[in-house]
Amino acid sequence: MTTNWSLFHKYAATKPRQFIEIRDLGTAVWHAAGMTETWGTDTLEELASPAAARARYTALCADAVAAGFTLTRQAAIDLNRLDATLLASEIRDGARNAFNAMRAAHPDQSFNAFALVSDDSAMTIVPLANSVQALSEDGGDDEILWNPSEWSFFEEGAWLDIAYRMILPYHRDIPNEVDIDALRAWVFGACAAALQQLIDEGLFGSAAQRDDVALLFHVTDGDGEDDVVEALNTPASFGRYAAWCASCDER
């Protein structure tokens, strides 16, 4: 199903803080508003005709601008077509901003770990990071190095709000034909691709520098993906990960 989609944000400095999202569903208009990193409050309005729905959609977009929101994205989206390239690019840009914001907020820290974390239903994308100093304060062992839930920096998820809004229709009462397996493959694959693109950009340093860096895509309550971990890390870093996994198996 193709829908006209408009996403607006208000910002704190350059960081998204509030959103308004509007979708033209043919003879209905769906819209939601709230804080970033939340579902917000949504409304579905049934209209008399497609023309009436288009008019209402246009009016709601104008209302958002009048309320001080800035248009972030506007497109015709086929909800039954999962565009992996588009989602990966939005995740990449959001993750880059999140990592840079973490480093800027903590200039005294030497960051040595970054992860994108989702859940088994592919509903969320959360950026997490850790540093040499934080790892040392927590004992310095590999149990923490390779466990994002134990990391110290997690406050920049709002940068991924565009990607989050692209995923949420599949968890809301908006018509589509995408099943959970296809959704997982789309979201998880896009997260891994986004991290690889950031590696190729040099965001996490050179290959030699990354020997001491842990990069992960992690699914909470999901199966481990050693092949993804190996692809995202240098041989030296992955060797440390593999040794940690082996020690866990021996316990």
Side-chain angles (χ1 to χ4, degrees), residues 1-47 53-79 82-83 86-87 89-102 105 116-128 153-176 178 180 183-184 186-187 190-191 194 220:
M1 177 180 182
T2 300
T3 69
N4 292 314
W5 176 55
S6 290
L7 177 63
F8 301 82
H9 283 105
K10 275 188 179 179
Y11 298 85
T14 59
K15 183 177 181 179
R17 295 303 298 159
Q18 295 174 263
F19 79 93
I20 292 177
E21 184 180 5
I22 307 162
R23 292 180 184 268
D24 175 0
L25 303 180
T27 58
V29 174
W30 177 92
H31 49 102
M35 302 300 293
T36 56
E37 302 182 79
T38 73
W39 280 38
T41 302
D42 68 317
T43 302
L44 180 66
E45 299 183 34
E46 299 287 351
L47 283 303
R54 285 194 298 273
R56 179 59 176 152
Y57 172 84
T58 300
L60 286 168
C61 289
D63 289 346
V65 173
F69 285 77
T70 299
L71 180 65
T72 305
R73 292 290 183 273
Q74 190 169 65
I77 301 293
D78 182 352
L79 290 175
L82 299 175
D83 189 332
L86 178 60
L87 182 61
S89 69
E90 294 291 3
I91 295 172
R92 177 200 64 212
D93 293 349
R96 183 194 304 111
N97 286 332
F99 187 61
N100 284 335
M102 290 175 187
L116 292 175
V117 177
S118 188
D119 57 273
D120 195 47
S121 62
M123 187 186 300
T124 56
I125 307 173
V126 179
L128 298 169
F153 306 101
F154 49 81
E155 65 272 21
E156 301 296 342
W159 292 106
L160 284 144
D161 199 63
I162 297 171
Y164 184 47
R165 302 294 149 203
M166 292 172 65
I167 294 167
L168 278 185
Y170 302 100
H171 299 281
R172 293 185 182 268
D173 191 21
I174 297 176
N176 69 84
V178 174
I180 185 61
L183 182 63
R184 286 193 188 105
W186 181 51
V187 174
C191 285
T220 58

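Side chains are part of it too, since the values below use all heavy atoms of this structure and drop only hydrogens, waters and symmetry mates.
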Any donor and acceptor pair, going by atom type alone, linking the side chain of Ser118 with main-chain N or O of Thr124 inside 3.5 Å? yes
Looking at every heavy atom in both Thr36 and Pro16, which two are closest together, and how far apart are they? OG1-O, 3.5 Å
Distance, nearest 0.5 Å, that separates CG of Leu183 from CD1 of Ile167: 7.0 Å
Start with the C-alpha gap between His31 and Ile20, add the side-chain angles, then the distance that decides, and say whether side-chain contact (heavy atoms from CB on, under 4.5 Å) holds. CA-CA 7 Å; His31 49 102; Ile20 292 177; 5.7 Å; no
Closest approach of Lys15 and Glu156, non-hydrogen atoms and distance? NZ-OE1, 3.0 Å
Would you mind reporting whether Leu116 and Leu160 have side-chain heavy atoms less than 4.5 Å apart? yes
For Ala67, does its backbone N or O pair with a side-chain atom of Lys10 as donor and acceptor, under 3.5 Å? yes
Do the side-chain N and O atoms of Tyr57 and Ser6 include a donor-acceptor pair separated by under 3.5 angstrom? yes
Between Thr38 and Phe19, does a side-chain contact (heavy atoms from CB on, under 4.5 Å) hold up when you go through it step by step? CA-CA 9 Å; Thr38 73; Phe19 79 93; 4.3 Å; yes
Any donor-acceptor pair under 3.5 Å from Tyr170 side chain to Leu79 backbone: yes
Taking Trp39's backbone N and O only, do any of them form a donor-acceptor pair with Arg172's side chain (distance below 3.5 Å, no angle check)? yes
How many angstroms lie between atom CD1 of Ile77 and atom CE of Met166, to the nearest 0.5 angstrom? 6.0 Å
Of the non-hydrogen atoms in Ala163 and Glu90, which two are nearest, and what is the gap between them? CB-CB, 4.3 Å
Taking all heavy atoms of Ile125 and all of Pro127, pick out the closest pair and write down the distance. O-CD, 4.0 Å
Nearest-0.5 Å distance, OG1 of residue Thr72 to CG of residue Asp161: 8.5 Å
Going through the checks in order, is the side-chain contact (heavy atoms from CB on, under 4.5 Å) test met by His9 and Thr70? CA-CA 5 Å; His9 283 105; Thr70 299; 5.8 Å; no
Scanning both residues in full, the closest heavy-atom pair of Thr2 with Ala76 reads CG2-CB, 4.1 Å
Looking only at heavy atoms, what is the nearest atom pair of Asn176 and Pro169, with distance? ND2-O, 3.8 Å
Should Trp159 and Asn100 count as side-chain neighbours, where that means a heavy-atom distance under 4.5 Å? no
Between the CZ atom in Arg56 and the SG atom in Cys61, the distance rounded to the nearest 0.5 Å is 10.5 Å
Just do the side-chain contact (heavy atoms from CB on, under 4.5 Å) check on Val29 and Ile22 with the steps written out, would you? CA-CA 7 Å; Val29 174; Ile22 307 162; 4.0 Å; yes
Any side-chain donor-acceptor pair under 3.5 Å between Glu21 and Trp5? yes
Distance col, row Glu37:CD vs Glu155:CD, nearest 0.5 angstrom, shows 10.0 Å
Side chains of Gln74 and Leu7 in contact at under 4.5 Å (non-hydrogen atoms): no
Any side-chain to backbone donor/acceptor pair from Trp186 onto Asp83? Under 3.5 Å, distance only. yes
Under a 4.0 Å threshold between the charged nitrogen and the carboxylate oxygen, would Asp120 count as salt-bridged to Arg184? yes
Separation between CD1 (Ile162) and CZ (Arg73), nearest 0.5 Å, reads 4.0 Å
